[in-house]
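Quantities reported herein were computed from a predicted structural model and do not represent experimental measurements.
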Amino acid sequence: MRVLVTGAAGFIGATTAEFLLDHGHEVVALDDLSHGRRENVPVRATFVQGRCGDEALVRTLGPLDACVHFAGRIEPALSMVEPEEFLLANVGETTALLRALVHLGCPKVVFSSSAAVYGVQDVTPIDEGRPARPQSPYGQSKLIVEECLHWLAVTGRARAASLRYFNAAGATPAHPERHDPEIHLIPLALDAADGLRPGLDLFGDDYPTPDGTCVRDYVHVLDLAAAHALAIAALDEHTEIVANLGCGVGYSNLQVIEAVRRVTGRTFEVRRAPRRPGDPPSAVASNARAREILGWEPRHSSLEEIVTDAWHARRAH
Ligand SMILES: NC(=O)c1ccc[n+]([C@@H]2O[C@H](COP(=O)([O-])OP(=O)(O)OC[C@H]3O[C@@H](n4cnc5c(N)ncnc54)[C@H](O)[C@@H]3O)[C@@H](O)[C@H]2O)c1
């Protein structure tokens, strides 16, 4: 298949583009390089630099069998500072992209949604039937795009899968996780272990969790990449899919810090800091639907493998 991958110079997009190429697909990689790096784009892909919301540009990229849409702004806390920028980047650009894809007759869209659509839930694990309650413009933008895709599916304009990732983590040797600014716990802790940051801030240690720190569900980026390929195939049978991608096991921030110390063999300072607004105490996925509909199974998402792969990938670079 000929697949358009937007955000292909970013962490998950580059890994997925590589995965699709390894599985015999042709990849058109679109990225404006606002946050990604040119060297992340697999050499076997056709790279186009530009905005995913540039309709005229996207219309030149066809014909396409599918689009996997990763491009967007990703920092929930920053979205509380400049919500209009996030809504324009994540909703405005995406609706323009969708118009161009419909014009091209692209039959399938797979979208990077997020656990952020759930906000704070009082049950664990969280399944897709829970009411969405985004706590940030970032989470809201993901929900709005899911709803746009629902209407494209209902009207027969395109089949669509919204994949709600929990915490993407791990790495492949070719693509270490790097964001600027970095907001994710594992790369921040690895930076601290590597001496690239003066320790690590631990936000909140008085949550109602076993050790008082937030509990999250980490999913290896390779497992995410596989899920996207499976979702493209599953859209042959389904017009619309909404599915969580998480390993179904929660690890506390302290457990992650311990794993980083164990894997790297290094110690670093951990500073206790106040809770951050909007951080749910616990976010763990039910992945039953992804298993059933996509035939997906997280194969690389033990905490040990995630941290080890992330550490080795950054050593390799
Ligand atoms: N990292 C996570 O834990 C996580 C969790 C849930 C959902 N997601 C979603 O997954 C997607 C990918 O995340 P990531 O961690 O790889 O982020 P990333 O920042 O590494 O990658 C995003 C890429 O999109 C590009 N981009 C941004 N706006 C663009 C535009 N308008 N046109 C073209 N390119 C544009 C950036 O240059 C970057 O290369 C995002 O949509 C994010 O919201 C990520």
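One finds the CG atom of Asp211 at 8.0 Å from the CG atom of Asn253 (value rounded to the nearest 0.5 Å). Between Asp65 atom CG and Leu4 atom CG the span is 11.5 Å, to the nearest 0.5 Å. Considering CG of Asp22 and OG1 of Thr16, their distance stands at 11.5 Å, rounded to 0.5 Å. Of the inter-residue distances, the one linking Ile257 atom CD1 with Arg262 atom CZ reads 12.5 Å to the nearest 0.5 angstrom. Within the model, atoms CG of Leu88 and OG of Ser141 stand 11.0 Å from one another, a figure rounded to the nearest 0.5 Å. A distance of 7.0 Å separates CG in Leu245 from CG in Leu294, rounded to the nearest 0.5 Å.
Geometrically, Arg315 engages Trp311 in a cation-pi contact defined by less than 6.0 Å to the ring centre and at most 45° from the axis. For the pair Arg133 and Tyr118, the cation does not sit on the ring face, since its NZ or CZ is not both under 6.0 Å from the ring centre and inside 45° of the axis. Judged by a 6.0 Å distance limit and a 45° cone about the ring axis, Arg216 is not positioned over the six-membered ring of Tyr251.
Residues Leu163 and Val5 fall within the same hydrophobic cluster, defined by Ile, Leu, Val, Met, Phe, Trp and Tyr side chains chained together at heavy-atom separations under 4.5 Å. With hydrophobic clusters built from ILVMFWY side chains whose heavy atoms lie under 4.5 angstrom apart, Val145 does not share a cluster with Leu143. Taking hydrophobic clusters as Ile, Leu, Val, Met, Phe, Trp and Tyr residues chained together by side-chain heavy-atom distances below 4.5 Å, Leu21 does not share a cluster with Val28. Using a 4.5 Å cut-off between side-chain heavy atoms of Ile, Leu, Val, Met, Phe, Trp and Tyr, with links allowed through other members, Ile293 and Val242 fall into different hydrophobic clusters. Residues Leu188 and Val260 are members of one and the same hydrophobic cluster, defined by side-chain heavy-atom contacts under 4.5 angstrom among Ile, Leu, Val, Met, Phe, Trp and Tyr.
A heavy-atom distance below 4.5 Å is found between the side chains of Glu177 and Phe11. The closest side-chain heavy-atom distance from Cys148 to Thr95 is below 4.5 Å. In this structure, the side chains of Leu30 and Val58 come closer than 4.5 Å at one or more pairs of heavy atoms. For the pair Val48/Thr60, no side-chain contact is recorded, criterion being any heavy-atom separation below 4.5 Å from C-beta on. Looking only at side-chain heavy atoms (C-beta outward), Gln49 and Leu33 come within less than 4.5 Å of each other. Using a 4.5 Å cut-off on side-chain heavy atoms (C-beta onward), Arg37 and Asn40 make contact. Contact annotation: the side chain of Val284 never approaches that of Val249 to less than 4.5 Å [non-hydrogen atoms, C-beta and beyond]. Under the 4.5 Å side-chain criterion, counting only non-hydrogen atoms from C-beta, Leu152 is in contact with Val102.
Counting only N and O atoms by type, the side chains of His238 and Glu240 include no donor and acceptor under 3.5 Å apart. Looking at His220 and Asp309, their side chains do bring a donor and an acceptor atom within 3.5 Å of each other. Under 3.5 Å, the side chains of His175 and Thr15 contain no donor-acceptor pair of N or O atoms. Donor-acceptor pairing under 3.5 Å is lacking for the side chains of Asp205 and Thr213. Side-chain contact of Ser112 with Tyr165: a donor-acceptor pair under 3.5 Å is present, judged by distance alone.
Sparse packing is recorded around CZ of Arg157, with 12 or fewer heavy atoms of other residues, nucleotides or ligands lying under 6.0 Å away. Surrounding CD of Glu237 are at most 12 heavy atoms belonging to other residues, nucleotides or ligands under 6.0 Å away. When the shell of 6.0 Å around CE of Met80 is examined, it contains 12 or fewer heavy atoms from other residues, nucleotides or ligands. Within 6.0 Å of the CZ atom in Arg99, the count of heavy atoms belonging to other residues, nucleotides or ligands does not exceed 12.
Taking each heavy atom of Leu230 and Gly295 in turn, the nearest pair found is CD1-O, 4.0 Å. Closest approach of Pro280 and Cys214 over heavy atoms only: O-SG, 3.7 Å. Minimum heavy-atom separation, Glu55 to Ala96: CG-O, 3.2 Å. The two residues Gly248 and Asp217 come nearest to each other via the heavy atoms N-OD2, 2.9 Å. Considering all non-hydrogen atoms of both residues, Ala259 and Val307 come closest at O-CG1, 4.0 Å. A pairwise comparison of heavy atoms in Tyr218 and Cys247 identifies O-SG, 3.5 Å as the closest pair.
A salt bridge does not link Glu292 with Arg289: every distance from a Lys NZ or Arg NE/NH1/NH2 to an Asp or Glu carboxylate oxygen is 4.0 Å or more. Ion pairing between Lys108 and Asp236 holds under the 4.0 Å rule for side-chain N and carboxylate O. Salt-bridge check for Arg73 with Glu82: passed, with a basic side-chain N closer than 4.0 Å to an acidic carboxylate O. The pair Arg44-Glu18 meets the salt-bridge criterion, with a side-chain N (NZ, NE, NH1 or NH2) lying under 4.0 Å from an Asp/Glu carboxylate O. Electrostatic pairing of Arg130 and Glu128 does not count as a salt bridge here, judged by no charged N lying under 4.0 Å from a carboxylate O.
Side-chain atoms of Asp191 never come within 3.5 Å of backbone atoms of Leu196 as a donor-acceptor pair (strictly under, hydrogens ignored). Although no hydrogens or angles enter the test, the distance criterion places no donor-acceptor pair under 3.5 Å between the side chain of Arg164 and the main chain of Ala285. Looking at Glu93, its side chain does come within 3.5 Å of a backbone N or O of Gly53 through a donor-acceptor pair. Within the 3.5 Å criterion, the main-chain N or O of Val91 finds no donor-acceptor partner in the side chain of Thr94. The backbone N or O of Leu57 lies less than 3.5 Å from a partner atom in the side chain of Asp54, making a donor-acceptor pair. Within the 3.5 Å criterion, the main-chain N or O of Ser34 finds a donor-acceptor partner in the side chain of Asp32. Between the side chain of Trp296 and the backbone N or O of Asp223 there is at least one donor-acceptor pair closer than 3.5 Å.
Using a 30° and 60° split on the angle between ring planes, Phe86 and Tyr138 fall in the perpendicular class, above 60°. Ring orientation note: the planes of His184 and His179 are tilted relative to one another, at an angle of 30° to 60°.
Among Val110, Ile232, Leu101, Val3, the single residue meeting the side chain to side chain contact (heavy atoms under 4.5 Å, CB included) criterion with Cys67 is Leu101.
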Task: Worked check of side chain to side chain contact (heavy atoms under 4.5 Å, CB included) between Arg178 and His35 - done: CA-CA 10 Å; Arg178 282 200 213 112; His35 289 77; over 6 Å; no

- [ ] Begin from the C-alpha positions of Arg51 and Asp31 and carry the test salt bridge (charged side-chain N to carboxylate O under 4.0 Å, His left out) through to its verdict.
- [x] CA-CA 6 Å; Arg51 289 187 302 106; Asp31 200 297; over 6 Å; no

Open item on the list: Pair Val256, Ile186 - check side chain to side chain contact (heavy atoms under 4.5 Å, CB included), show working.
Closed with: CA-CA 7 Å; Val256 171; Ile186 293 174; 3.6 Å; yes

Open item on the list: Could you go through Glu146 and Ser113, starting from their C-alpha distance and side-chain angles, then the distance that decides it, and tell me whether this counts as side chain to side chain contact (heavy atoms under 4.5 Å, CB included)?
Closed with: CA-CA 7 Å; Glu146 285 193 7; Ser113 189; 2.6 Å; yes

TODO: Go through the steps for Asp194 and Arg314 under the test side chain to side chain contact (heavy atoms under 4.5 Å, CB included), then give the verdict.
DONE: CA-CA 10 Å; Asp194 230 356; Arg314 66 167 51 212; 3.9 Å; yes

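You'll find the ring centres of Phe70 and His228 inside the 6.0 Å limit.
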